[in-house]
Amino acid sequence: MTQLKGWRDIPIGGMILEAGNAVEYLTGGWRAFRPLFGEAACIHCMQCWLFCPDSSILVDVENEKMIGFDLEYCKGCGICASVCPVNAKVIRKGGEELERDDPRLCILMVEEGKFGEEDSE
Amino acid sequence: MSRFQALTGNDAVATAMRQINPDVMAAYPITPQTSTVQKFADFVSDGLVDTEFVCVESEHSAMSACVGASVSGARVMTATSANGLALMWEIVYIAASTRCPIVMSLVNRALSAPINIHCDHSDVMGIRDSGWIIFFSENGQEAYDNIIQAIRIGEHPDVLLPVAVCQDGFITGHGMERVEIYDDADVKDFVGKYRPQWSLLDLEHPKTYGPLDFYDYYYEHKRQQIEAMENAQDVILEVAAEFNHKFKRNYALFESYRLEDAEVAVIIVNSAAGTTKAVVDKLRDEGLKVGLLKPRLFRPFPAKELVDALSHLKAIAVMDRSVSFGAMNNAGPLFLELVAALATHGVQMPVADYVYGLGGRDILPREIEQVYRQALKTAETGQVERMVTYLSVRE
Ligand code: SF4
Ligand code: SF4
């Protein structure tokens, strides 16, 4: 935990004078839902990477693969699951409403603390 | 060389704006401010200023554009009245807390409803806790002079706060008067160049304005605003001293009129203070010891200085052109602040409040005379008969 500064020692007006210091703020602590990979295979279209507001989609740049979620910063908004075209396809094919934690999806959103041992790593 | 011109208060302010030549002006028309910005728009199209003039679709956008321009490092001005200010309200707070030294001409008008375009001070009193520095002006000359000083005050590194300069809608805003307009070069020289310390456009030093601020730092940022307000009073006096010297004026935190040996005084802001001075002269001719104190600066409120200037009196009558609905005895804000100042400085004095002129209702010299006569009676008995009187409202 960093020592909080007094009012004389911080920039006025809420200004942040250091560029890019948002990395110091671990927004993962806000998360109520966690994104997880499901059964439907990812096609590495990078839509989730493009839309994630917290740059929390992990990518293997060399092999052009979407490889997971950066849980230190992911705040669980579920945008990645909403924009994933594979999710859309699964839902459309099944012809039924799917819960957002349905394992048949490509990205599913599971309530924090409600997944098994192997997932929670 | 300065010259005297016949100008409305609004045109006098527009002339100050031309001389200041701000980088950005964003405004939306609203009566009775409109003619200020209309006149300024003439200056823009005539090529007399270099200002980027932004015609926005609402006052909320006007103040938003001002904040954006200000953080980018521009010198920014705007003007509004009443409901225009009310629509700006969210961004009025943001301007102050983002520490944008925007200067706004506020031509006072009654807030709706019922809709009314005439003068009272309900508009400015709505932003009294917003973190803006607030000046009142008796006439076009004072509005002109205050606008010029406001630039220097707001931009001072120890302050960095927005400044609102008030004058009365129609009464002085549209009333034509003799105004001394200083030489363009002298005004330019007085306001100088704005050198922002943290411009967003300084690409060598990237920075963020307006981020999220939780329970961990929000309070510290508010504390900084308090400090800026505390610094403002000295800066206002420094700037006034320099202005007075250069332009042969006499600005301070407030103006005292025949107050030194007075027994009772009226406290009143903006145009009706002029009427009150005439009443003071008349009553003085009768041998009555009456005076006037006209606050120029309302935020920050110079409590101690006011108390020092008033403590020799036997009774005070405050005249408020707005009501703080539901406040103690439904009094006006000027009265509430003043009685608090007297009480906390240990001065025991009978003080009465007279609410007047709501929605542009005329205030007549004989009514002000009645206020003085009542105050003289109070001075004798030591008792305030009625704490708050609503002058000239029909029963
Ligand atoms: S849940 Fe939101 S924050 Fe987390 S990876 Fe998906 S889009 Fe990004
Ligand atoms: S949007 Fe879906 S399919 Fe596309 S990369 Fe992300 S997880 Fe894979």
Side-chain angles (χ1 to χ4, degrees), chain A residues 1-35 46 48-59 61 68-83 107 109 111-113, chain B residues 66-73 76 91-102 130-132 154-162 196-232:
Chain A
M1 181 78 186
T2 47
Q3 185 70 37
L4 293 175
K5 291 177 180 156
W7 64 268
R8 292 172 200 277
D9 300 322
I10 55 172
I12 61 165
M15 246 182 304
I16 296 172
L17 299 175
E18 259 171 83
N21 74 349
V23 293
E24 290 165 26
Y25 205 120
L26 303 183
T27 44
W30 301 0
R31 198 173 51 244
F33 291 91
R34 178 183 294 204
M46 299 299 156
C48 54
W49 171 81
L50 193 61
F51 280 91
C52 172
D54 283 277
S55 305
S56 299
I57 299 294
L58 299 173
V59 172
V61 179
F69 310 92
D70 185 342
L71 294 178
E72 287 207 315
Y73 299 102
C74 163
K75 61 185 180 211
C77 65
I79 289 173
C80 48
S82 303
V83 300
I107 301 181
M109 299 299 299
E111 217 173 304
E112 279 290 336
Chain B
C66 287
V67 168
S70 181
V71 300
S72 80
V76 186
I91 316 298
V92 162
Y93 270 70
I94 291 173
S97 41
T98 309
R99 312 295 296 276
C100 298
I102 297 161
S130 67
W132 282 60
E155 289 173 3
H156 194 285
D158 295 344
V159 179
L160 288 172
L161 290 174
Q197 206 181 329
W198 299 284
S199 159
L200 201 56
L201 294 183
D202 170 9
L203 302 180
E204 298 290 305
H205 304 95
K207 59 190 71 66
T208 305
Y209 269 97
L212 191 68
D213 202 3
F214 279 154
Y215 36 73
D216 49 358
Y217 277 111
Y218 180 90
Y219 198 176
E220 278 65 31
H221 287 122
K222 296 297 119 179
R223 177 65 186 84
Q224 292 175 331
Q225 281 178 255
I226 293 163
E227 191 72 3
M229 268 293 170
E230 275 182 9
N231 295 342

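Sequence lines set the chain letters: A, B, ... in the order given, protein chains first and strands last, and positions in each chain run from 1. All heavy atoms count here, side chains included; hydrogens, waters and symmetry mates do not.
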Exercise. Please list, in residue-number order, every residue in residues 10-17 of chain A that has a heavy atom less than 4.5 Å from any heavy atom of chain B; write 'none' if there are none.
Key: Ile10(A), Pro11(A), Ile12(A), Gly13(A), Gly14(A), Met15(A), Ile16(A), Leu17(A)
Quiz item: Which one, Cys100(B), Ala96(B), Pro211(B), Ala228(B), leads in non-hydrogen pairs under 4.5 Å with chain A?
Solution: Pro211(B)
Quiz item: Can you tell which of Gln224(B), Arg99(B), Glu220(B) has the highest number of heavy-atom pairs within less than 4.5 Å of chain A?
Solution: Gln224(B)
Practice problem: Might you point out which heavy atoms bring Leu212(B) and Trp30(A) nearest each other, and give the distance in Å? | Solution: CD2-CH2, 4.0 Å
Quiz item: Which bit of Gln225(B) is near chain A, if near means a heavy-atom gap under 4.5 Å: side chain, backbone, both or neither?
Solution: neither
Practice problem: Rounded to the nearest 0.5 Å, what's the gap from CD on Glu18(A) to NZ on Lys207(B)? Could you check? | Solution: 12.5 Å
Quiz item: Sub-3.5 Å donor-acceptor pair from the side chain of Tyr219(B) to the main-chain atoms of Trp7(A), do we have one?
Solution: no
Quiz prompt | NZ/Lys5(A): more than 12 non-hydrogen atoms of other groups inside 6.0 Å | solution = no
Exercise. Check each atom of Leu200(B) against the heavy atoms of chain A and say whether the ones under 4.5 Å are side chain, backbone, both or neither.
Key: neither
